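Here's the structure, in structure tokens; my notes come after.
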Amino acid sequence: MMEDDMRVKARNAMRLILEAAKFEVEEVDEPLDLSAVRDGECLLVLCSDDAELIGQFDKTNYSLMVDDQEMTCKKLLFTLEKDISTENCTQWGIDEFVQYAGEAVLADIVAQELKLDLTPGKGKAKKAAAAGSAAAPAAAEEETSGISILHFPVKLSEQAAIRTAGIQGAAKLRFIPYYLIHYASSGEQVYKDRRVPFDADGWGAINAINGIKLDLDGTKVEDSEIPANAEVSDAHITKEEASERMVTELIERLTQKVRIKQEKGDAIFYEEKTLKPDRKNITVDTKQVYIPVWQIRGKKIVEVNAFTGELLSEPMDEGVEVF
């Protein structure tokens, strides 16, 4: 049962959650707890375990007058009673409360807007419908396109990407082409008494559209079908161009200047020599892979790496401006 002091704590926590979602929040007279307004949207909040009070809240229509315009208010119920069910409210239990309270703290830390699901009904029921049951798995999420490509796996869901992006909008899953390059260098040069080795072994990746480099672990790539309705972008840079760029950059990185001190009589002078690896001692293995990216188009365009969950500061595609 939600006692008075517990209700006050719940009200305070709900205020923090709603403020993280950019609502302007105020306390209201009992029996309700809070009112919240943002961008023409009104929300009334009740924190209670009282079945009679909840029933009245569920069947009552509320409206708010703002600048002589009447807005119909949505209703949000937080209750600890698992057996209570409503039809006309968004109903949160312990699971939803814990989830959004934690996300509100994170949203404040990273200065992003918290995204709330305010669809009427029980939160658990909505989660089950989204996740699917053991008898009926989430066919929509698992539906594939029939197209197999070498790509990094999609680890971030659409809703998680929207929350990370911090804006509301249409989300599109796009597979961006990259050239994944494994390079190896060997050999050495000796100048006078100085030995300079050119051993190197590693991975690199180049965006096949805009040429931006990225650090990738090639062992994470999988060859499998991509989700239905996903978009596969075309490469603008050739495999040969990417390979040549990697060789050139590796030579520049391994090149060393050697300075040798010499003495002749009372004179001391230095001789400097630039030593570069021999191109024939460098091998590259280049293959085209794809990185999944969620692109959210709202008031602005935001991209989120669907493999790492990283909010992108640079667009992965030409012609896209990321704010």
Side-chain angles (χ1 to χ4, degrees), residues 1-28 31-38 41-51 53-55 57-58 73-134 137-138 141 155-168 171 294 296 304 306 308-311:
M1 188 70 179
M2 193 178 298
E3 304 294 341
D4 289 344
D5 60 338
M6 187 183 298
R7 184 175 180 180
V8 171
K9 292 178 181 179
R11 179 190 303 142
N12 292 338
M14 292 294 281
R15 172 190 284 273
L16 293 176
I17 292 172
L18 294 173
E19 287 178 343
K22 304 305 181 184
F23 280 95
E24 294 183 8
V25 185
E26 294 182 0
E27 291 190 16
V28 294
L32 304 183
D33 289 281
L34 300 169
S35 71
V37 178
R38 71 172 182 190
E41 182 181 13
C42 172
L43 182 68
L44 289 176
V45 180
L46 174 66
C47 303
S48 178
D49 291 335
D50 188 315
L53 180 59
I54 292 173
F57 180 63
D58 187 38
C73 296
K74 297 179 181 180
K75 295 176 286 186
L76 174 59
L77 168 68
F78 169 55
T79 181
L80 300 175
E81 289 294 331
K82 297 180 181 180
D83 296 331
I84 288 179
S85 181
T86 56
E87 296 181 359
N88 304 306
C89 313
T90 300
Q91 183 175 333
W92 289 357
I94 294 175
D95 291 342
E96 293 73 32
F97 182 84
V98 170
Q99 173 190 339
Y100 285 125
E103 291 181 358
V105 174
L106 178 60
D108 180 61
I109 292 173
V110 299
Q112 293 183 359
E113 179 180 332
L114 174 63
K115 299 304 172 185
L116 301 177
D117 183 357
L118 298 175
T119 307
K122 265 192 174 183
K124 279 189 176 180
K126 286 181 288 182
K127 285 184 178 180
S133 63
E141 291 187 6
K155 293 189 175 182
L156 196 69
S157 69
E158 178 178 346
Q159 289 304 314
I162 291 174
R163 287 197 295 270
T164 300
I167 65 167
Q168 287 289 352
W294 284 108
I296 298 90
V304 181
T308 64
E310 175 189 5
L311 185 66

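No experiment lies behind these values; they were computed from the predicted model shown.
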Without swapping roles, check the side chain of [X] against the backbone of [Y] for a donor-acceptor pair under 3.5 Å.
X: Glu19; Y: Leu16; value: no
X: Gln91; Y: Leu77; value: no
X: Asn88; Y: Asp58; value: yes
X: Trp294; Y: Leu156; value: yes

Check whether any side-chain heavy atom of [X] sits under 4.5 Å from a side-chain heavy atom of [Y], and report yes or no.
X: Pro31; Y: Phe57; answer: no
X: Met14; Y: Trp92; answer: yes
X: Leu46; Y: Leu53; answer: yes
X: Glu87; Y: Pro120; answer: no

Heavy-atom closest pair, residues [X] and [Y]:
X: Ser48; Y: Ile54; answer: O-CD1, 3.4 Å
X: Met6; Y: Leu80; answer: SD-CD1, 3.5 Å
X: Leu311; Y: Ala165; answer: CD1-CA, 4.0 Å

Hey, what do you get for [atom1] ([X]) to [atom2] ([Y]), rounding to the nearest 0.5 Å?
X: Gln99; Y: Leu116; atom1: CD; atom2: CG; result: 9.5 Å
X: Ile17; Y: Phe78; atom1: CD1; atom2: CZ; result: 8.5 Å
X: Glu26; Y: Arg15; atom1: CD; atom2: CZ; result: 8.0 Å
X: Asp117; Y: Gln159; atom1: CG; atom2: CD; result: 7.0 Å
X: Leu44; Y: Leu76; atom1: CG; atom2: CG; result: 9.5 Å
X: Ile162; Y: Ile296; atom1: CD1; atom2: CD1; result: 6.0 Å

(request) Could you walk me through whether Phe23 and Val37 pass the side-chain contact (heavy atoms from CB on, under 4.5 Å) test, one step at a time? (result) CA-CA 5 Å; Phe23 280 95; Val37 178; 5.6 Å; no
(request) Applying salt bridge (Lys or Arg N to Asp or Glu O under 4.0 Å), name anything that partners Asp33, two or more places apart in sequence or on another chain. (result)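 Asp33 satisfies salt bridge (Lys or Arg N to Asp or Glu O under 4.0 Å) with Arg7, Arg11 once adjacent residues are dropped.
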(request) May I ask you to check whether over 12 heavy atoms, not counting those of Asp5, lie within 6.0 Å of atom CG? (result)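 Atom CG in Asp5 is packed in, count exceeds 12.
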(message) If the test is side-chain contact (heavy atoms from CB on, under 4.5 Å), which one of Thr90, Val25, Leu18 qualifies with Val45?
(response)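 Between Val45 and the candidates, side-chain contact (heavy atoms from CB on, under 4.5 Å) is satisfied uniquely by Leu18.
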(message) For Glu113, is there an ion pair with Arg38 - N to carboxylate O distance below 4.0 angstrom?
(response)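 Between Glu113 and Arg38 there is a salt bridge, with a charged N closer than 4.0 Å to a carboxylate O.
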(request) Can you sort out the partners of Lys75 under side chain to side chain donor-acceptor pair (under 3.5 Å), two or more places apart, ordered by chain and number? (result)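 Testing Lys75 for side chain to side chain donor-acceptor pair (under 3.5 Å), a comparison that skips the adjacent residues, returns none.
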